[in-house]
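Scroll down for the structure; my scribbles are underneath it.
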Amino acid sequence: MKNQDISNSIDWISIFLYFILVVFGWMTIYSVTVPANQEYTFDFSLNYGRQMIFMLISIPIIFSILFIDSKIFERFSPVFYGIGIALLLGLFVFGVSKKGQTNWYQFGGFGFQPSEFVKTAVALLLSKYLSDAQVNLAKKNFQYIAFAIIGLPVILILLQPDTGSAMIFLSLIFVLFREGLPGWYLWTGAISIATFLLALIIKPIYLISFIGIFMVIHFIFNRLISRNPIVYGLIFVAISLFSFSVSYVYDKVLEPHQKDRINVLLGKDVNMKAEGYNLNQSMIAIGSGGFFGKGYLEGTQTKGGFVPEQHTDYIFTTVGEEWGFVGNVIVIGLFVSLFLRILFLAERQKTRFSRVYGYCVATYLFTHFFVNIAMLIRLFPTIGVPLPFFSYGGSSLWAFTIMLFIFIKLDANKVNEW
C-alpha cells in the first residue's frame, strides 16, 4: 500500500477511541499525582509529567508502525518472539527487583518491563502459526505447539514471579478456542477454578457429595455426549482428588500474600489495616463519588492519598470518586466500544493471520480491563494488572500502543490481502 493512501484505509474510529482513553487516562494521572500546592502547570519530574513524555514518545512509534510494510509483522514474528524470550531470560541476570518481583530493567530514572512487549510478540507468532493452512487445533500435535508458544513466556514470567502478567497470556486460550481448540479445555479450566474456590468455602466431603449427585443426574438425563460410566467415574475421581488437595496447596504451596488475596476475594476475615486495606480504600473512594462524582481534582480520597498505587493498578478509583457512576459508565463504554470495534475489524480480515492477531489484541485488552476493574469491586484477587491506556507507565502505554496499531496497520492493508 502506498503511504500517501494510508489515511484513507486506517480505521479512524479505533484511533479516536485510543486517543480519548489515553487523554482521559493522563487527566486522571494528573489528578492523582499533582501536589496540592503545585505552582507550575507541568513538572516533568512528577508522574503526570513523565506520563506526558511517554505519550509524546508514542507518537513517532505510531507513525513508524503505520508507514512500514505490514508484511514485516508476519515475516519477522519468530524474530520478535525470540527477542522477547531473550529479554525475559535476561531479567534473571540484569533485572531489578521491585516488590519481590524481578521483572524490570532499569535505565537511569526509567524502567522497562519486557513482559508487556512480549504479549505482542506471542500474539504475532501465534497468529503466524495458526495461519498455516495445515494447522488444525482439533489434533493434539498442533495443540501442543500452540500451547508451547504461549507456555514458554508464561513459565519465565511465573519464575520472576509475576502471576498477574502470566495470567494475561493464558487468556489466549479463548483465541485458540475461536480457531478450533476443543471446548473441553475451557470447561476443565473453569471447573478447576470453581472447585478450588468452593473447596476453600465448603468442606471437601460436602463438595464431593454435591458433585457426585450432580454427575449422577447428568448421567441419567444427558443426551448430548457419550454416556460412558467409566468416563464419568474417572472424572469424579479426578475432581475428588483435586478437592482434597486444595487445602494442602493453600496451606503449603501458596505464599502468604497469595493467601491474603484469596481471603479478600472470598470475604474471609482480613485485617483492613493490612492485606485488606487497598481494596477497602478503593471501594470507599469509588462509592464516595456517588452518581455524578465530586468533580475533577476534588476527590478527597484521591487528594488524601488513602488509596495506594492509585496512579497505576487502582487508577479507576479516581474516575469513580471524581466523575461518579456517570464517569464510570462513560469510561467502561469507551473500552467496550474499542473491544467491539477490534472484534468487528478482526472478522472482516482477508487473512487468517490478521484475524487471529485481532482476536489476540481484543483478548489481551479485555482481560486487562476486566481483571483491573474486577479487582476493585472484589470480584477478583489483587494481582497487579494495569488498566490499558489509563494506568501510569511507559512500558504499559507503549506496549499497548504497539499492539493496537499493528492491528490497525494490518486492517488498513486488508485491501491488498487476497
Side-chain angles (χ1 to χ4, degrees), residues 137-144 146-147 150-151 154-155 158 161 163-164 166-270 275-276 279 363 366-367 370-371 374-375 377-383:
L137 288 180
K139 298 181 179 180
K140 296 289 185 181
N141 55 325
F142 295 114
Q143 295 173 13
Y144 296 150
F147 291 154
I150 301 172
V154 168
I155 293 173
L158 285 174
T163 307
M167 186 207 65
I168 300 298
F169 285 88
L170 295 179
S171 67
L172 290 177
I173 190 172
F174 294 106
V175 178
L176 299 181
F177 177 70
R178 165 64 177 79
E179 296 300 317
L181 186 71
W184 69 265
Y185 282 101
L186 290 179
W187 283 110
T188 301
I191 292 173
S192 299
I193 295 172
T195 302
F196 182 88
L197 294 176
L198 288 173
L200 295 175
I201 302 173
I202 307 171
K203 290 184 177 181
I205 188 64
Y206 297 139
L207 177 59
I208 293 172
S209 299
F210 171 78
I211 293 173
I213 295 172
F214 173 81
M215 294 189 67
V216 169
I217 295 174
H218 189 276
F219 176 78
I220 295 173
F221 293 99
N222 171 54
R223 294 290 184 273
L224 298 178
I225 60 177
S226 175
R227 296 170 59 192
N228 188 331
I230 297 178
V231 173
Y232 275 80
L234 291 175
I235 293 175
F236 177 73
V237 170
I239 294 177
S240 300
L241 293 175
F242 181 75
S243 299
F244 279 111
S245 68
V246 167
S247 59
Y248 175 82
V249 172
Y250 181 81
D251 294 330
K252 304 297 183 181
V253 177
L254 296 182
E255 298 292 334
H257 70 278
Q258 294 172 326
K259 297 179 186 178
D260 292 337
R261 291 168 180 174
I262 294 176
N263 289 337
V264 171
L265 174 66
L266 298 178
K268 293 185 177 182
D269 291 335
V270 294
E275 63 271 13
L279 178 61
T363 299
F366 175 78
T367 304
F370 175 80
V371 171
M375 289 190 308
I377 56 178
R378 210 168 186 169
L379 293 178
F380 205 88
T382 302
I383 55 176

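Quick caveat, the model's predicted, so the values are computed rather than measured.
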Any idea which heavy atoms bring T363 and S171 closest together, and the distance?
-> CG2-O, 3.3 Å
Spacing of CG belonging to L158 relative to CG belonging to L170, to within rounding of 0.5 Å = 7.5 Å
Heavy atoms only: give me the nearest S243-L207 pair and the separation to one decimal.
-> OG-CD2, 3.9 Å
Mind checking whether F196 and F242 have parallel, tilted or perpendicular rings, split at 30° and 60°?
-> tilted
Can you see which heavy atom on L176 is nearest to which on A146, and at what distance?
-> CD2-CB, 4.1 Å
Do the ring planes of F214 and F210 sit parallel (below 30°), tilted (30 to 60°) or perpendicular (above 60°)?
-> parallel
At what distance, to the nearest 0.5 angstrom, does CG of L197 lie from CD1 of I202?
-> 11.0 Å
When every non-hydrogen atom of I150 is compared with those of F169, the smallest separation belongs to CG2-O, 3.6 Å
Sequence neighbours excluded, which residues qualify as side chain to side chain contact (heavy atoms under 4.5 Å, CB included) partners of Y185?
-> K140, Q143, F147, I173, L181, P182
Side chain to side chain, L137 and F177, heavy atoms closer than 4.5 Å = no
How many angstroms lie between atom CG of L200 and atom OG1 of T195, to the nearest 0.5 angstrom?
-> 11.0 Å
Quick one: CG on L198 to CD1 on I193, what's the gap to the nearest 0.5 Å?
-> 11.5 Å
Residue pairs passing the salt bridge (Lys or Arg N to Asp or Glu O under 4.0 Å) test with at least one member in residues 235-249, sequence neighbours excluded, are none
Sequence neighbours excluded, which residues qualify as side chain to side chain contact (heavy atoms under 4.5 Å, CB included) partners of K139?
-> N136, N141, F142
Take atom CD1 in I230; do more than 12 heavy atoms of anything else shown fall under 6.0 Å from it?
-> no
Any side-chain heavy atom of F236 sitting closer than 4.5 Å to one from I208?
-> yes
